[in-house]
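Here the structure is laid out as structure tokens; the discussion comes afterwards.
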Amino acid sequence: MVAARVAAYICVPLVAHDGIGCKAVGELEGCRALVTGGSKGIGAATVGALRSVGADVLATARTRPREIPGTDFVEADATTAAGCQRIAAAVAERWGGLDVIVHVVGGSSAPPGGFAALDDADWNRELDLNLFPAVRIDRLLVPMMIEQGSGLVLHVTSIQGRMPLPESTTAYAAAKAALSTYSKALSKEIGPKGVRVIRVAPAWVETSAATALVDRLATEAKTDQQTARQRLMDSLGGISIGRPARPDEVASLITFLASARTGSIHGTEFVIDGGTLPTA
């Protein structure tokens, strides 16, 4: 219901703004947006949501999905310095400037078992996936925004930064918390130069990867999918609305925050978790 109201609100035509992100509002016509991790899940939903309201979007991921034309996609590994250089070069070649960066790329491959199960390689992988892509791409592209005196940098963090699960997400949660702290510092530095920085922190989002996880848990526990799904929600302490978020709901929030009507929102984090966090 809330996502539907937000999506409808995004499409209401408004007057042009003066230096807070996209050059035109309403349907975001003229907005140049980069979305990392744009091939699936929240990233793919964000690419679709931004395009549906008129933005010119360049998506990036390690593998190009068939439904995204090559001219709208750059194949690059954002977990490497060379991959980030490739992304920045594609932006410079295509536009020579940028209005919105949405950093979605992230995830976890660390093994369960608590802190003692994590070696240096596990920690480095989590940082390479969840912190350094944003740091590197911002360093390469934010100067363009500063030069034009406007822009928006949006980092997708996670409620795990506040509510880590010690058995399985210690390194991931720590990396996302580092991303959140970095984002706050960046907002203090570049906000006075006309560039906004915002964080969006989802909880469990029902992506294809999440569905595959539920299927695996069901198989391992020799139970049905619904029972495995409920057990996973219970492991998070419960979700008040009784279900995880959908990728399109997170994308609706991101698209709303990219519009000029949120021009005074800066340096803060929006939680979209269905009531998972037990405190405000």
Side-chain angles (χ1 to χ4, degrees), residues 3 6-7 9-14 16-17 20-78 83-106 133-134 136-138 140-142 144-145 148 150-156 195-200 202 205 207-208 246-262 270:
V6 169
Y9 187 39
I10 290 169
C11 295
V12 177
L14 296 178
H17 72 95
I20 52 174
C22 300
K23 294 186 175 68
V25 296
E27 293 188 344
L28 300 186
E29 294 290 344
C31 176
R32 303 161 298 175
L34 171 71
V35 179
T36 69
S39 63
K40 57 187 177 181
I42 294 172
T46 299
V47 169
L50 289 171
R51 284 183 177 150
S52 72
V53 291
D56 188 9
V57 183
L58 181 64
T60 180
R62 283 178 289 191
T63 305
R64 182 174 69 85
R66 285 176 294 180
E67 62 271 18
I68 299 182
T71 55
D72 296 328
F73 190 88
V74 54
E75 193 170 317
D77 184 355
C84 291
Q85 289 278 0
R86 179 178 173 85
I87 293 166
V91 169
E93 180 180 354
R94 178 171 181 148
W95 294 315
L98 191 62
D99 301 302
V100 174
I101 302 173
V102 182
H103 290 289
V104 183
V105 67
R136 290 171 176 145
I137 290 175
D138 290 350
L140 291 166
L141 294 179
V142 168
M144 293 182 180
M145 294 179 168
Q148 71 192 17
S150 66
L152 167 67
V153 178
L154 192 147
H155 296 135
V156 176
V195 183
R196 294 190 295 140
V197 182
I198 302 173
R199 291 159 282 151
V200 167
V205 180
T207 61
S208 57
R246 301 190 308 269
D248 65 286
E249 292 174 321
V250 182
S252 290
L253 174 59
I254 290 170
T255 305
F256 170 64
L257 292 170
S259 71
R261 69 210 66 190
T262 64
F270 285 79

What heavy-atom pair brings [X] and [Y] nearest, and what distance separates the two atoms?
{"X": "Ala258", "Y": "Val100", "result": "CB-CG2, 4.4 Å"}
{"X": "Phe73", "Y": "Pro65", "result": "CE1-CD, 3.8 Å"}
{"X": "Met144", "Y": "Ala92", "result": "CE-CB, 3.8 Å"}
{"X": "Leu98", "Y": "Met145", "result": "O-CG, 3.6 Å"}
{"X": "Val91", "Y": "Gly97", "result": "CG1-O, 3.9 Å"}
{"X": "Cys84", "Y": "Ala78", "result": "SG-O, 3.3 Å"}

Taking atom [atom1] of [X] and atom [atom2] of [Y], what is their separation to the nearest 0.5 Å?
{"X": "Ile198", "Y": "Leu152", "atom1": "CD1", "atom2": "CG", "answer": "5.0 Å"}
{"X": "Arg196", "Y": "Leu154", "atom1": "CZ", "atom2": "CG", "answer": "9.0 Å"}
{"X": "Ile254", "Y": "Ser259", "atom1": "CD1", "atom2": "OG", "answer": "13.0 Å"}
{"X": "Leu28", "Y": "Thr255", "atom1": "CG", "atom2": "OG1", "answer": "7.0 Å"}
{"X": "Leu58", "Y": "Thr36", "atom1": "CG", "atom2": "OG1", "answer": "11.0 Å"}
{"X": "Ile137", "Y": "Thr60", "atom1": "CD1", "atom2": "OG1", "answer": "6.5 Å"}

**Request:** Apply side chain to side chain contact (heavy atoms under 4.5 Å, CB included) to Thr207 and Lys40, showing your working.
**Result:** CA-CA 8 Å; Thr207 61; Lys40 57 187 177 181; over 6 Å; no

**Note, Asp99 side chain near Gln148 side chain (heavy atom, < 4.5 Å)** = yes

**Min side-chain heavy-atom separation Ser39-Thr63 under 4.5 Å** = no

**Message:** With side-chain contact (heavy atoms from CB on, under 4.5 Å) as the test, pick out the partner of His103 among Val153, Leu34, Val200, Val156.
**Reply:** Val153

**Request:** Look only at the side chain of Arg51 and the backbone of Val57, and say whether a donor-acceptor pair between them is shorter than 3.5 Å.
**Result:** yes

**Asked** Backbone N or O of Leu140 within a donor-acceptor pair of the Gln85 side chain at under 3.5 Å?
**Response** no

**Item:** Residues that Arg94 engages under salt bridge (charged side-chain N to carboxylate O under 4.0 Å, His left out), provided they are two or more places apart
**Value:** Asp56, Asp72

